[in-house]
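As a basis for the values below, the full set of heavy atoms in this structure was taken, side chains included, without hydrogen atoms, waters or symmetry mates. Chain letters run A, B, ... following the sequence lines, proteins first, then strands; residues in each count from 1.
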Number of protein chains: 2
Amino acid sequence: MTQTDTVSRILDAAEVLFAERGFTETSLRTITSTAGVNLAAVNYHFGSKKELIQAVFERFLTPFTDSLVKELDRREAMEEPLSAEALLNSLYRGAMASLECQGRDPQRFMRLLGLAYTQYQGHLRRFIVSRYGDSYRRFAGLLSKALPGLDPVTFYWRLYFMLGATIFTLSSFDAIEAILREDFGAESSLQETLERLVPAAAAMLHADA
Amino acid sequence: MTQTDTVSRILDAAEVLFAERGFTETSLRTITSTAGVNLAAVNYHFGSKKELIQAVFERFLTPFTDSLVKELDRREAMEEPLSAEALLNSLYRGAMASLECQGRDPQRFMRLLGLAYTQYQGHLRRFIVSRYGDSYRRFAGLLSKALPGLDPVTFYWRLYFMLGATIFTLSSFDAIEAILREDFGAESSLQETLERLVPAAAAMLHADA
DNA sequence: AAGTGTTTTAATTGGTGGTTTGAATTCCTA
DNA sequence: TAGGAATTCAAACCACCAATTAAAACACTT
């Protein structure tokens, strides 16, 4: 078993278990035993449980963010004025594509993102903002240009409303989908939900202040 | 120290600590010591930590829900057609008023609600739905009537988008407000944020499908 | 005031958590 | 292939946890 193998086995197991149960509810013993590695390997390779959690997010967020930045470069190079809908579609579709071509489950990613924002007293939130904040500020700047005449404070609040709607619904997608299936017999895929989310979010951003 | 005193001291301390750190990150020892009561009092009065958590939510949600139901009764008795915006205002304002007149911090309430929904292995989610689901189904029914012609599945997804936007932004109100204050020098009150949220949510609900 | 049921207390139990250690093993290079 | 670094391993450590128990303190009735 090579080094990288052990490291990625730990990350794989941690990713799944964290998404299922949360961070404090997942012990290192559970992670290492499902990964099939020794308990001490976590502290050896990552230093601590906290750093393992950050590493899980790094592996998720770096390609996600890179693909967004590339997509924004591409879009901007076109010189066409970017509509809010187009930007939202770039964000969601680009992100989904980036995750799927990696073989990662987009739902799990959203679930982790949701946990990052509610658990751990905001350690993770700060980590994510400091590491990836610039890229998302760029996205926000472009989106803001697509909504001329909207007062900046209102715009930013609505951006957070959108973030909340996205993270909340996608991170509990399974639970919500199960409820709707029982009540209406209608199945919804993640893809369809994003297609519902984009126009709804756009309408929210465009609303009169 | 009378019985009710001990019980409510425990609930007060638990409420604050849970909202600050989450459930598993808060030990009974921390709760009882900040409450100034003996460790065994929790298990004596509530049975277990799990039941204490439920009790904290019950104390929060029961007056909250009761005030919503009364408001809905009042509104329905007026026989006027209810607009979506009016219903949202009833929900938010009624709830805020109910919490504030109790001397409870609305933000803390939202923070707890956020935690309840993200704890996946969700005994809390089930507890809340089974206890208060009927009242909120009634609200959803009225809101749905205010949006004729909207396909039910789309409506419900948008309801969850709205719930997500609300819980997410209000539960991290402090953090978001701090960022906006730094970037724009503009302070936002919780009241103002709700006044931004209502039209944004209404626009989302009214969007073309 | 005695007695009964209730509440609080302090000490204990059995268990799990993250982390550390030092020896054993594997890997790579010289 | 020999030697040294990197990695793995079993075991242990120590802090902390929820829950229980039995005795002490209290409140309330008769």
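As a whole-Å value, the separation of B:Leu39 CG from C:dT7 P is 18 Å. At whole-Å resolution of the value, CG in A:Leu28 and C1' in D:dC16 are 15 Å apart. One interatomic measurement links the two molecules: CD1 of A:Ile31 to P of C:dT16, which rounds to 17 Å at whole-angstrom precision. As rounded to whole Å, 15 Å separates atom P of D:dA18 from atom CD of B:Glu51. Protein atom CZ of A:Phe23 is 17 Å distant from nucleotide atom C1' of C:dG17, rounded to whole Å. The CZ-C1' distance, from B:Phe46 to C:dT7, rounds to 14 Å in whole Å. Regarding B:Ile53, its CD1 atom lies at a distance of 12 Å from the C1' atom of D:dA18, rounded to whole Å. A:Asn38 places its CG atom 13 Å from the C1' atom of C:dT19, with the value rounded to the nearest Å.
Within the 4.0 Å cut-off from OP1 or OP2 of D:dC16, not a single side-chain nitrogen or oxygen of B:Ser27 is found. Proximity of A:Asn43 to the phosphate of C:dG18: no side-chain N or O atom is located under 4.0 Å from OP1 or OP2. Between B:His45 and C:dT6, a side-chain N or O to OP1/OP2 separation shorter than 4.0 Å is absent. Of the side-chain N and O atoms in A:Ser48, none sit less than 4.0 angstrom from OP1 or OP2 of C:dG18.
Counting any heavy atom pair closer than 4.0 Å across all strands shown, A:Ala41 reaches no nucleic acid atom. Residue A:Thr30 is classed as having no contact, given no heavy-atom separation below 4.0 Å to the nucleic acid.
Side-chain contact of A:Tyr44 with A:Thr6: a donor-acceptor pair under 3.5 Å is absent, judged by distance alone. Checked by atom type, the side-chain pair A:Tyr117/B:Ser171 shows no donor-acceptor distance below 3.5 Å.
At a threshold of 4.5 Å between non-hydrogen side-chain atoms, the residues A:Ile10 and A:Phe46 count as touching.
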Worked check of side chain to side chain contact (heavy atoms under 4.5 Å, CB included) between B:Arg59 and B:Asp12:
CA-CA 10 Å; B:Arg59 195 172 65 149; B:Asp12 286 342; 2.9 Å; yes

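A cation-pi geometry, defined here as NZ or CZ lying under 6.0 Å from the six-membered ring centre and within 45° of its normal, does not hold between A:Arg104 and A:Phe109.
Each of A:Tyr44 and A:Arg29 lies near DNA chain D, and the nucleotide nearest A:Tyr44 is the one positioned closer to the 5' end.
Picking from C:dT20, D:dT8, C:dG18 the nucleotide with the shortest atom distance to the side chain of A:Lys49 gives C:dG18.
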